Each structure stands twice: as structure tokens, then as C-alpha cells.
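Only this structure's heavy atoms are used, side chains among them; waters, hydrogens and symmetry mates stay out. Fair warning: this is a prediction, and the values are worked out from it, not measured in the lab. Here is how names work: the chains are called A, B, and so on, in the same order as the sequence lines, proteins then strands, and each is numbered from 1.
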Protein chains: 2
Amino acid sequence: MAEGGAPVTMSDVARLAGVSTATVSRVVNGRYGVSASTIAQVRSAIERLGYESSLVAASLRRTRTNVLGLVTHSFQSYTAEVLKGVMDALTQSGFDLIIYANSDVYGTYSEGWEQRHLTRLSGTLTDGCIVVTPWGEVRTSTPVVVIDPVRDSTVPSVTADNLTGATTAVEHLLGLGHRRIGFIAGRSSLAAAWSREEGYRKALAEAGVPVDPALIGRGDFNPESAAPLARALLERPDRPTAIFAASDGMALKVLEVAKEMGIDVPGDLSVVGFDNIPESALAEPRLTTVDQSMYRLGHEAAHMLKSLVTGEWEGPRQILLPTRLLVRGSTAPVRVATRP
Amino acid sequence: MAEGGAPVTMSDVARLAGVSTATVSRVVNGRYGVSASTIAQVRSAIERLGYESSLVAASLRRTRTNVLGLVTHSFQSYTAEVLKGVMDALTQSGFDLIIYANSDVYGTYSEGWEQRHLTRLSGTLTDGCIVVTPWGEVRTSTPVVVIDPVRDSTVPSVTADNLTGATTAVEHLLGLGHRRIGFIAGRSSLAAAWSREEGYRKALAEAGVPVDPALIGRGDFNPESAAPLARALLERPDRPTAIFAASDGMALKVLEVAKEMGIDVPGDLSVVGFDNIPESALAEPRLTTVDQSMYRLGHEAAHMLKSLVTGEWEGPRQILLPTRLLVRGSTAPVRVATRP
DNA sequence: CCGGAAAACGTAACCGATAACGATTGCAAT
DNA sequence: ATTGCAATCGTTATCGGTTACGTTTTCCGG
């Protein structure tokens with residue numbers, strides 16, 4: 001290794017090879033119009049100096065950069081899954097990936113982060129971007145695919161089928177005999193949160209169970225927001241026999257609160273989450289949840305963005321991916337009615 | 001949202017505000033020498049147009065960009081932990097983070113990836129870079145901190161105390177009465193792999209147990225590489241009663257092979273891993289392993305890089321972080337000797 | 001009312017590369 | 001020996017900002 005001095009630029013190569021920078025550029029990009037001997041000269045100079053072209057300078061002038069961007073507000077465990085899916089979709093595609101994360105108030109949702117990140121990247125650096133779970137709308141001059149968009153968004157997006165997933169989850173609880181089913185909602189501006197609530201209402205409606213507004217708590221997907229809501233639900237005299245939380249993070253908080261309050265899960269309370277984050281399989285009891293494959297979300301989003309950039313996208317601009325109910329240890333048949 | 005046309009540039013702002021781009025630049029960067037009224041004009045124009053400065057263009061001319069880079073060859077679950085640590089260390093620090101990943105042969109170690117990624121970023125885009133588990137040496141013109149460097153590297157680095165960790169792991173096995181302890185090594189060019197092997201040898205030496213070369217298999221940290229090695233070890237007539245694998249990925253493979261061969265873990269065979277990846281807690285039986293906090297590795301690396309960039313680093317350039325043995329279900333006392 | 005310094009602002013070079021265009025060269029056809 | 005057409009290569013403008021430097025304006029005290 002060498003903590004080498006100034007970075008070697010294209011003009012360094014040009015000088016050593018005795019040609020102009022234009023020629024070096026042509027060689028680097030394999031363009032037509034350079035003689036074999038000149039190519040050899042330039043290549044040898046590049047080799048000697050250890051030159052590598054600057055992504056920044058190139059992207060400033062070029063229209064296409066063959067780099068896709070991804071912006072996210074934080075790195076949770078599911079983010080890694082998304083990234084894996086994205087990378088697998090990009091393998092051998094010729095597109096590299098740049099992920100941008102800014103440093104103010106990491107982990108919390110500062111208004112407009114997606115827009116700031118996006119404009120930082122999309123000016124010239126990237127040909128298009130994937131935005132993971134934005135907090136608001138996004139506008140850009142290059143193609144964008146959103147994973148988990150906001151409600152009523154018309155931006156190209158990839159989402160899990162939250163409606164069906166939530167419906168199935170609640171049907172599972174109904175099938176176990178539960179009738180008083182609490183719900184902890186996510187931030188309603190997000191399409192995912194809204195659909196999950198719709199699924200909850202739909203399943204109840206189809207089973208002829210009236211929706212009790214008192215059993216619905218309004219969280220924001222942040223696990224911390226769920227604790228007081230769970231407590232409030234469980235302290236009610238007519239407390240629910242089951243709780244469906246709109247995210248695993250919040251569901252795990254429910255488990256925690258129940259344990260604190262001495263409520264046995266799944267004996268006294270059944271709990272269902274949504275997402276299937278890795279931690280949910282580690283919980284005690286293991287959490288019943290709706291699996292949305294983050295890997296697939298990332299994979300599809302990357303595939304779609306790639307095609308959008310090259311202009312060969314034919315399919316729909318809003319993709320819905322199936323979900324799957326994972327029945328684990330946190331749900332059980334309701335106890336024989338103890339009501340008067 | 002709006003799929004707006006061309007991105008708005010600084011000269012657009014200048015034109016609307018009736019000033020030169022130099023003045024806009026001064027306002028944007030809060031530099032001295034602009035009257036209050038002009039500042040207001042420019043700000044209003046920026047607001048109206050929704051202008052945001054291009055990271056690319058700025059970084060080309062500027063020396064400092066306040067962006068740090070990170071390069072990794074793939075996104076495993078531990079990568080997310082590292083990233084969390086990095087981001088937490090960067091919160092409110094004024095440094096943003098850019099992660100670069102290229103698309104050829106994702107997941108496999110193509111020679112020299114770290115160097116390619118690095119030069120893509122370090123030309124002008126970033127002030128410094130973190131490299132996660134490189135495959136070879138790295139040279140750059142900007143500061144670099146390596147997580148898990150190669151052997152005998154002099155680059156600033158952050159590493160877990162692999163030697164002590166491995167020693168402790170083997171001592172744990174010795175304490176359970178094991179004497180024939182197999183070892184599956186990692187790729188020896190990496191410092192981590194080498195130290196873990198040293199720890200193995202050291203613990204045996206201190207216990208007066210001779211090292212049997214036949215009990216050492218040479219893997220490369222890739223889980224797949226461990227399967228045939230484990231099989232070979234376990235098919236021996238004098239097979240080991242315990243196996244220490246240099247990584248959890250490989251240790252999990254050992255569990256798999258043992259199950260295939262009908263060998264009971266931990267009854268007939270004890271297994272210890274290294275890393276404490278999330279999956280190891282999910283295995284059946286749960287894997288005893290040495291925890292190296294990926295979060296802390298990332299956190300320390302980011303902290304160090306930040307200080308190196310600002311030139312205020314005082315501490316050592318090679319940091320060693322403590323490890324912790326997690327005793328779980330895959331280890332048990334050795335069965336009474338069945339030897340003749 | 002004037003001189004002069006400081007404040008405010010514009011001009012132009014520049015960062016490292018690419019693209020459009022023009023200039024030069026070589027070789028075959030006329 | 002000219003002409004014509006490619007192939008080859010250099011020159012220059014440009015991308016979107018930043019910055020050194022020069023010019024103009026403002027605002028004092030004398």
C-alpha cells in the first residue's frame with residue numbers, strides 16, 4: 001500500500017503517453033478511432049501510473065453514468081435484506097450502486113430527507129434512484145422507484161401486498177376465536193400503513209365483527225411509539241384478547257409490555273406483527289407475523305429502475321408483491337370466554 | 001411530486017436573483033461578503049426554484065466535501081451492523097456517508113475490488129474511506145480506515161481482538177474436557193484469520209495439548225468452503241470431539257454436516273464459531289460463539305476516520321476491540337472417553 | 001467635498017473528465 | 001500528381017460549481 005501523494009489524473013496519463021486527454025478518454029472508454037499502437041501506449045501509461053478514472057468528473061460531463069443510487073434514512077436489519085436484493089439484481093448488469101445517507105439526526109425522520117439525498121445524487125452522479133420508505137413525495141429529474149411509497153403516490157413503486165397480508169393476519173386471529181382484536185397502526189401517511197389498517201377493517205367486516213375505535217392505537221412504525229399504546233390497550237377493563245401490530249418492531253414492543261404487565265403470551269394474549277424482521281424469530285415467544293420479502297422488494301425495485309433508465313420498461317409502474325403469514329408461537333386459540 | 005424537467009442549477013438561481021453564480025455560491029456556503037438584502041434575494045430565488053447544490057460539481061473543485069465513503073464487497077447481515085455503528089458515529093458530525101458497491105460478480109471476492117471502489121470514490125467525492133474486510137492492500141490519496149485488514153498491514157485499522165477471542169473459545173472447550181479439538185481456518189491472508197488460528201494454537205499449547213495438523217482444515221471464511229472440511233474431519237476414525245470454526249458461517253455449515261451424518265451436537269460433538277452473526281442464535285442447537293461487536297467496529301472506524309480527516313487524531317492507528325464468549329447450546333462436556 | 005479603505009459583487013480560471021468539431025494524415029482512386 | 005474519404009488525433013467548449021482576483025460601490029473621517 002502507499003499513502004500516495006496527489007491522485008493521478010487523466011492529463012498525467014496523457015503527458016506520459018504523449019497524447020491528448022481526449023485520446024486517453026477514448027482509450028479508457030473503448031471508443032472507436034484510436035490506433036492499436038496508441039492504445040498500447042496509453043494502456044501502458046495507465047498501468048505505470050495506476051490511473052483510474054474519476055467517477056465524479058466523468059459524471060459531470062456525461063449524461064449516462066451507469067450508476068444507480070439508493071437513499072434510505074437508516075440502516076435497520078431489513079435494510080440489509082433490501083440491499084442484498086438490489087445487488088443481486090444488479091450483478092453483471094453494468095450498473096454500480098451508490099448509497100447515500102446523511103448524518104443529521106440519524107434514525108429519526110427529519111422532514112424532507114429523501115428529497116435532499118435525492119438531489120444530492122441525481123443531479124449528475126446517478127442515472128436513477130431507489131428510495132426506501134420515504135416520508136413524503138419526491139421529485140427528481142431522473143427515474144425513481146420507491147419501496148413503500150406514500151399514499152396515493154403515482155411514482156413508480158414496489159410494495160408488498162399489505163392489504164391481503166393484513167387481512168390474512170386478522171383472519172388467522174379470528175380463526176383462533178378472537179373477537180376483541182386490538183390494532184396498532186403505523187404512520188397513516190404511508191401507503192403501507194393505510195393498507196394494513198384497511199386489511200384489519202376488512203377482515204373484521206367480513207367476519208361480521210364490528211370495529212371498536214377504542215381498540216385502535218395510532219403509532220408511527222417507530223417501536224417506541226407502540227409502548228404507551230399497548231399499555232393503554234392492555235389496561236382497559238375489556239382488554240383485547242389479541243393485538244395486531246402494523247410492524248414487527250411495534251409488535252415486539254407489545255410483547256415487552258405484556259411481559260412487564262404479567263400478561264402471558266400467547267395464553268392471555270395473542271400478538272401478530274408484520275414484516276418478518278430477523279429479530280421476530282428470536283423473540284420469546286417467537287412472533288407470528290406476516291412476511292414481506294425485503295429481498296424481493298429490493299430485487300424488483302432494482303430490476304424496474306434498471307429498465308426505466310434504459311427506457312425498456314414495459315410492465316406496470318406500481319408493483320405489488322405477495323405476502324405470507326408465518327404462524328409461530330405468539331398466537332393461540334382464545335381462552336374460553338371469561339365474560340359475565 | 002413532479003417528474004420535473006431539467007435539474008435546476010446555480011445559474012438558474014443567479015439569473016432569477018439577478019446576481020452572478022459566484023454570489024449564489026457565497027450565499028449557499030454562508031461565506032462573508034454579501035449584503036443582507038442580496039442574501040434575501042438569493043434565498044428567495046433558491047426557495048422558488050427548489051434549488052439544491054450538486055454534490056458532484058462542488059466536490060470537483062473543492063478540496064473538502066464533508067462526505068466519507070465506505071466500500072464493501074457485499075451486504076451480509078453483519079454489514080448492516082457495521083453501517084449502524086458508522087451512522088451513529090457520524091450523526092450530527094457534519095459528515096455524510098456514501099457507500100459504493102459495484103455490480104460485477106457480487107458476493108464473490110473478485111480480485112482488487114476494494115481498490116476499484118476506492119478510487120471511484122476517493123478522487124474527489126469523499127474526504128476519506130472505510131474499507132470493510134478487504135482482500136488485499138489498498139492505496140489511496142485520502143485517509144483510509146480498514147475494518148479487518150490483511151496481515152501485517154500498516155494502514156489505520158479497527159479489528160476485534162481475534163487472538164484473545166479465539167484463545168478463550170478453545171479454553172472453553174478444553175474446560176469442558178475436550179482434547180481432540182478440530183479447527184477450520186479462514187483465509188490466511190486476512191489478519192483476522194491468522195490471529196484466530198494463533199489463538200487456537202496458543203490455547204492448546206498452554207494446556208499442554210499437542211497440535212495435530214490433521215485436525216486443521218483450511219477454509220476461506222466462505223461457508224461453502226467449510227462443508228467438505230467438516231466432512232473430512234468427522235469421517236476420521238479418530239474424529240475430534242469438538243470443532244472450532246473461524247467464522248459463524250463456517251460453524252453453521254459444520255452443524256449442518258453433523259446433522260447429515262447423524263452426529264449429535266452437542267452430545268457427540270461440540271461446535272464453537274466466531275463473529276456472532278444473527279443467524280447463529282437461530283441455529284438448532286443455538287451456536288456457542290465469540291461475539292465481536294460489528295456495531296462497535298463500525299463506530300470506532302468512523303470515529304477514527306473522522307478525526308484522521310480533520311487531522312486531529314491522536315490515538316494509535318491500529319485499534320483492537322475486545323471480544324466476548326457467548327456460551328449457548330452447541331457445546332457440552334465431552335462424553336466419557338470411548339477410546340480403547 | 002474628497003480620498004481611501006473596506007465591503008460587495010462580477011469575471012474568469014479552474015477542478016477532471018467528455019463531446020463536438022476541426023485538423024491532419026495515409027492510402028486508394030482518378 | 002491530385003483528389004477524396006476514412007481513420008486518427010488534437011483543440012476547445014462544457015458540465016455545475018468554487019475561488020482568486022479585479023472592479024465597483026459604500027461609507028467613513030478629515
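- Enclosure of atom CD in A:E47 is not indicated, since only 12 or fewer non-hydrogen atoms of other residues, nucleotides or ligands lie within 6.0 angstrom.
- Taking atom CZ on B:R15 and atom C1' on C:dG10, their separation rounds to 16 Å, with Å as the unit.
- Side-chain contact between A:I99 and A:F75: present, with at least one pair of heavy atoms (C-beta onward) separated by less than 4.5 Å.
- In this structure, a donor-acceptor pair under 3.5 Å is present between the side chains of A:Y100 and B:D96.
- Atom-to-atom, CD of B:Q41 to C1' of C:dA8 comes out at 14 Å; the value is rounded to the nearest Å.
- With hydrogens and angles left out, the side-chain atoms of A:S157 and A:Q318 include a donor and acceptor closer than 3.5 Å.
- When all heavy atoms of A:I319 and A:L321 are compared, the closest pair comes out as CG2-CD1, 3.5 Å.
- Residue A:R31 is in sugar-phosphate contact alone, with no base atom involved, counting any heavy-atom pair closer than 4.0 Å across all strands shown.
- A:T65 and A:D127 share a donor-acceptor pair across their side chains, judged by distance under 3.5 Å alone.
- Atom CD1 in A:I46 sits about 13 Å away from atom C1' in C:dA17, given to the nearest Å.
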Readout for nucleotides 7-16 of chain D: B = base within 4.0 Å of protein heavy atom, S = sugar-phosphate only, - = neither; 5' to 3' it is SSBBB-BBBB
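- The interatomic distance linking A:L49 (CG) with C:dG16 (C1') rounds to 15 Å, in whole Å.
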